[in-house]
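Data block below; observations after.
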Amino acid sequence: MTVKISDVIVPEVFNPYVIQRTMELSAIFQSGIAQRTQEFDRLASQAAKTVNMPFWGDLTGEDEVLSDTGALTPGKIQANQDEAVILRRGRAWGANDLAANLAGDDPMRAIADLVAAYWARRYQAALVSTLQGVFASSSMSALVHDISGQTGEAAAISAKTTVDAAQRLGDAKAQLTAIVMHSATEAALAKQDLIEYVRPSTGSIEVPTFLGKRVIVDDGVPFDSGTGTYTTYLFGPGAVAYGEGNPVGFVPTETDRDTLAGEDYLINRRTFILHPRGVRFTSAQVAGVSPSNTELATADNWSRVYEPKSIRIVKFVHKLA
């Protein structure tokens, strides 16, 4: 009697475990860049391609001197709308890809850990594509610090030039707590002894930091080998809203079997939101029900609706020392 995936996968246990492990394994969640809320879980469960999020703009205008001969002039509060896209993704695996793990003490945990690690990587890839599209939008130009056109040290990432990049947020720069960079960028900073390692109070593994910011290394961030230009992103906590959806009729996990071929299958689906707060998804160029990573990286699909200081993300374009 052979052990089949359907013998060890219990969807009611498997699905929550995979989601939780995805968050534990992903640096974007551990760093606080992406934060999950019940509200975004609810929004991600909507029967829609995108979800609208109205908000009130800040109060503006000068105050007035009180007078006993005239009345104050009433101002207005402006309404605006953010909009997030619901991402719908799935992946199927054959039993041969997972067979080695069926011999473990807890085969469901072994399989779930593999699936969670896969989704942690895919979520990070979706976020990197999103950032490419967001900052390709002309509405985000105020939050781009590009020194790649300079020469020598003036074009290179360093403690000094990174402080200049953070200054794009002005007096809100203290919000920036994490930084996503290419592995070559991290290596260049490490050679300068600018990467420090700290051990979180709740963990046993040391994490890299730069200028007190949690470092996330991802070779998916933009890199131009021809010009030697790299892109690094600085983040504040909660800059990206995250929600896991469970729409009506949604089947997140299924098992199947081809009895003639003796092949066992595991199908996993995710419906989720990874939305940079304050940058509206316009759906200008989306061919299907949900955007691909290529469409997430398209400038026309994004438009800033928050004030720049409220976005909590800065793009830093530079070279290496």
Side-chain angles (χ1 to χ4, degrees), residues 3-30 34 36 40-41 44-49 84-104 106-133 216 218-221 240 242-259 261-275 281 286-298:
V3 178
K4 303 178 181 63
I5 288 179
S6 58
D7 294 327
V8 297
I9 293 296
V10 181
E12 292 77 8
V13 178
F14 181 83
N15 297 327
Y17 181 76
V18 168
I19 293 172
Q20 183 60 37
R21 283 293 288 155
T22 299
M23 295 176 66
E24 291 174 0
L25 292 168
S26 175
I28 66 173
F29 297 109
Q30 290 300 302
R36 184 180 182 182
F40 273 87
D41 283 354
S45 300
Q46 300 299 305
K49 295 181 180 180
V85 64
I86 299 175
L87 302 178
R88 306 178 191 275
R89 306 289 175 88
R91 189 75 168 93
W93 295 272
N96 290 339
D97 295 332
L98 302 168
N101 294 278
L102 295 179
D106 187 345
M108 187 169 73
R109 177 180 289 271
I111 293 171
D113 279 352
L114 284 177
V115 173
Y118 169 81
W119 284 117
R121 295 190 298 270
R122 298 316 303 160
Y123 276 34
Q124 201 148 305
L127 179 59
V128 168
S129 294
T130 293
L131 293 173
Q132 288 182 255
I216 300 169
D218 191 323
D219 283 346
V221 296
V240 177
Y242 163 54
E244 284 285 345
N246 188 22
V248 174
F250 180 62
V251 182
T253 299
E254 286 185 284
T255 59
D256 198 6
R257 181 168 176 78
D258 184 338
T259 54
E263 190 79 9
D264 215 17
Y265 299 102
L266 171 66
I267 304 100
N268 196 221
R269 303 179 183 89
R270 303 293 283 271
T271 296
F272 61 98
I273 288 174
L274 273 178
H275 179 66
F281 190 79
V286 178
V289 173
S290 180
S292 64
N293 283 0
T294 298
E295 289 167 334
L296 289 176
T298 301

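When a residue number appears, it is its place in the shown sequence, counting from 1.
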(request) Check the pair Arg89 / Asn293 against side-chain hydrogen bond (donor to acceptor under 3.5 Å, both in side chains), numbers first and verdict last. (result) CA-CA 11 Å; Arg89 306 289 175 88; Asn293 283 0; 3.0 Å; yes
(message) Before you tell me yes or no, could you show the steps for Phe40 and Phe272 under ring pair (Phe, Tyr, Trp, His ring centres under 6.0 Å), namely the whole-Å CA-CA distance, both residues' side-chain angles and the distance that decides it to 0.1 Å?
(response) CA-CA 9 Å; Phe40 273 87; Phe272 61 98; over 10 Å; no
(message) Checking Ile19 against Arg36 for the side-chain contact (heavy atoms from CB on, under 4.5 Å) test, could you report, in this order, the C-alpha distance in whole Å, the side-chain angles of both residues, the deciding distance, and whether it holds?
(response) CA-CA 11 Å; Ile19 293 172; Arg36 184 180 182 182; 3.4 Å; yes
Mind checking the [atom1]-[atom2] spacing from [X] to [Y]? Nearest 0.5 Å is all I need.
X: Ile9; Y: Glu254; atom1: CD1; atom2: CD; answer: 13.0 Å
X: Ile86; Y: His275; atom1: CD1; atom2: NE2; answer: 12.0 Å
X: Ile111; Y: Asn268; atom1: CD1; atom2: CG; answer: 11.5 Å
X: Leu87; Y: Leu296; atom1: CG; atom2: CG; answer: 5.5 Å
X: Phe14; Y: Leu266; atom1: CZ; atom2: CG; answer: 5.0 Å

(message) Using only atom types and a distance under 3.5 Å, with no angle test, would you say the side chain of Thr130 pairs donor to acceptor with the backbone of Ala126?
(response)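 Pair found, side chain donor or acceptor close to backbone of Ala126.
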(message) Looking at Ser45, is its backbone amide N or carbonyl O close enough to the side chain of Asn246 to form a donor-acceptor pair, meaning the two atoms are under 3.5 Å apart?
(response)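 Such a contact is absent between Asn246 side chain and Ser45 backbone.
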(request) Locate the shortest heavy-atom distance separating Pro16 from Pro11; write the atom from each residue and the value. (result)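 In terms of heavy atoms, the two residues are closest at CD-O, 4.0 Å.
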(request) Check Pro247 against Ala44 and note the closest heavy-atom contact, atom names and distance. (result)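 Looking at all heavy atoms of both residues, the shortest contact is CG-O, 4.3 Å.
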(request) Ignoring hydrogens and angles, state whether a donor on the side chain of Tyr242 or Asp41 is under 3.5 Å from an acceptor on the partner side chain. (result)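 No, because no side-chain N or O of Tyr242 sits under 3.5 Å from a partner of the opposite role on Asp41.
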Just wondering, do [Y] and [X] contact through their side chains at under 4.5 Å, heavy atoms?
X: Arg121; Y: Tyr123; result: no
X: Trp119; Y: Leu25; result: no
X: Tyr265; Y: Thr255; result: no
X: Ile273; Y: Val85; result: no
X: Arg21; Y: Asp113; result: yes
X: Ile216; Y: Gln124; result: yes
X: Arg269; Y: Thr253; result: no
X: Arg88; Y: Val289; result: yes

(message) So, using ring pair (Phe, Tyr, Trp, His ring centres under 6.0 Å) as the criterion, who are the partners of Phe281 when residues are at least two apart?
(response)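 Checked Phe281 against ring pair (Phe, Tyr, Trp, His ring centres under 6.0 Å); matches are Trp302.
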(message) Test of understanding: with ring pair (Phe, Tyr, Trp, His ring centres under 6.0 Å), list the residues that count as partners of Tyr118, not counting sequence neighbours.
(response)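 Tyr118: ring pair (Phe, Tyr, Trp, His ring centres under 6.0 Å) contacts with Trp93.
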(request) Only counting residues at least two apart or in another chain, list the ones meeting side-chain contact (heavy atoms from CB on, under 4.5 Å) with Ser292. (result)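 For Ser292, the residues satisfying side-chain contact (heavy atoms from CB on, under 4.5 Å) (neighbours in sequence not counted) are Thr294, Glu295.
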(message) side-chain contact (heavy atoms from CB on, under 4.5 Å), that's the test. Do Asp256 and Ile267 meet it? Break it down for me.
(response) CA-CA 8 Å; Asp256 198 6; Ile267 304 100; 4.2 Å; yes
(request) Flag the pair Arg270 and Glu244 as a salt bridge only when some basic side-chain nitrogen lies within less than 4.0 angstrom of an acidic carboxylate oxygen. (result)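 Answer for the salt bridge query: yes.
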